[in-house]
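Numbers for residues simply follow the sequence, beginning at 1. Every value quoted in this text rests on a predicted model; they were computed, and no experiment measured them.
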Amino acid sequence: MKATLLKFPFHWNTEINVRYVQVADSNRKLVVLFPGKNYSCEKPTLHYAGLAAWECGYDILALEYGYQAAREELEYREIPKVVEECEHAVRQLTGNYEEMVFISKSLGTVVAGEVHRKLGAGAAYLLDADSRYAAVYP
């Protein structure tokens, strides 16, 4: 197992920290955790979802949004910037994986759907870890 903290500069004049945990160098499965508006990947819902995925052999990419790193409030007109940040971070790793699963909470579900669309990825099952709702994208 190898854990890395990836850093990316973004809109809020700060770096976002993206936690990347690899089960093995040759792994082809990735889970991406998209936090909620005021709910980080370290909080229980996403932490335990990531832990379960890791136990099932998935590498983990736990995102942080730029406004969270800058400790600022998010204005809804800035959501496209959040999507852009996340797309950039996920795109750095997409070539290494055959299977990607997105797990999200609240705002993260919107962001995950947009990132999936922009990546032009295959079928996806997006799970909002905080509700009974999920979306399947063809």
On a heavy-atom basis, the closest approach of Leu61 and Ala89 is CD2-O, 4.3 Å
Could you measure the distance from the SG atom of Cys41 to the NZ atom of Lys105? Nearest 0.5 Å is fine. 11.5 Å
side-chain contact (heavy atoms from CB on, under 4.5 Å) between Leu107 and Tyr65, intermediate numbers included: CA-CA 11 Å; Leu107 171 68; Tyr65 304 137; 4.2 Å; yes
Non-hydrogen side-chain atoms of Thr94 and Met100 separated by less than 4.5 Å: yes
Would you mind telling me which of Lys29, Arg28, Glu99 makes a side-chain hydrogen bond (donor to acceptor under 3.5 Å, both in side chains) with Tyr58? Glu99
Rounding to 0.5 Å, atoms CZ (Arg91) and CD (Glu84) come to a distance of 11.0 Å
Using atom types as modelled and distance alone, determine if a side-chain donor or acceptor of Asp59 lies under 3.5 Å from a backbone N or O of Leu30. no
Lys118 side-chain N/O to Val83 backbone N/O, donor-acceptor pair under 3.5 Å: no
Find out if a path of hydrophobic residues (ILVMFWY) with successive side-chain heavy-atom gaps under 4.5 Å connects Val82 to Tyr76. yes
Cys86 SG to Leu119 CG distance, which is reported to the nearest 0.5 Å: 10.5 Å
All heavy atoms of Leu33 vs all of Gly50, minimum pair found to be CD1-CA, 4.0 Å
Cluster question for you: counting only ILVMFWY and a side-chain heavy-atom cut-off of under 4.5 Å, with indirect links fine, are Phe34 and Val110 together? no
In terms of side-chain geometry, is the basic nitrogen of Arg117 or Glu114 positioned less than 4.0 Å from the acidic oxygen of its partner? yes
Under the criterion side-chain contact (heavy atoms from CB on, under 4.5 Å), I'd like the reasoning laid out for Val21 against Met1: C-alpha separation, chi angles, the key distance, then a yes or no. CA-CA 7 Å; Val21 179; Met1 183 180 81; 3.9 Å; yes
Could you pull out the closest heavy-atom pair between Ser104 and Leu46, with the gap in Å? C-CD2, 4.2 Å
Do Tyr20 side-chain atoms and Ile60 backbone N/O form a donor-acceptor pair below 3.5 Å? no
Under a plain distance cut-off of 3.5 Å, with no hydrogens placed, do Asn27 and Tyr97 share a side-chain donor-acceptor pair? no
Give a yes or no on whether a salt bridge exists between Arg19 and Glu42, defined as a side-chain N under 4.0 angstrom from a carboxylate O. yes
If I take atom CG from residue Asn38 and atom NZ from residue Lys43, how far apart are they, to the nearest 0.5 angstrom? 8.0 Å
The reported gap from NE2 in His116 to CD in Glu87 (rounded to nearest 0.5 angstrom) is 12.5 Å
Checking Tyr39 against Thr45 for the side chain to side chain donor-acceptor pair (under 3.5 Å) test, could you report, in this order, the C-alpha distance in whole Å, the side-chain angles of both residues, the deciding distance, and whether it holds? CA-CA 9 Å; Tyr39 197 92; Thr45 300; 3.0 Å; yes
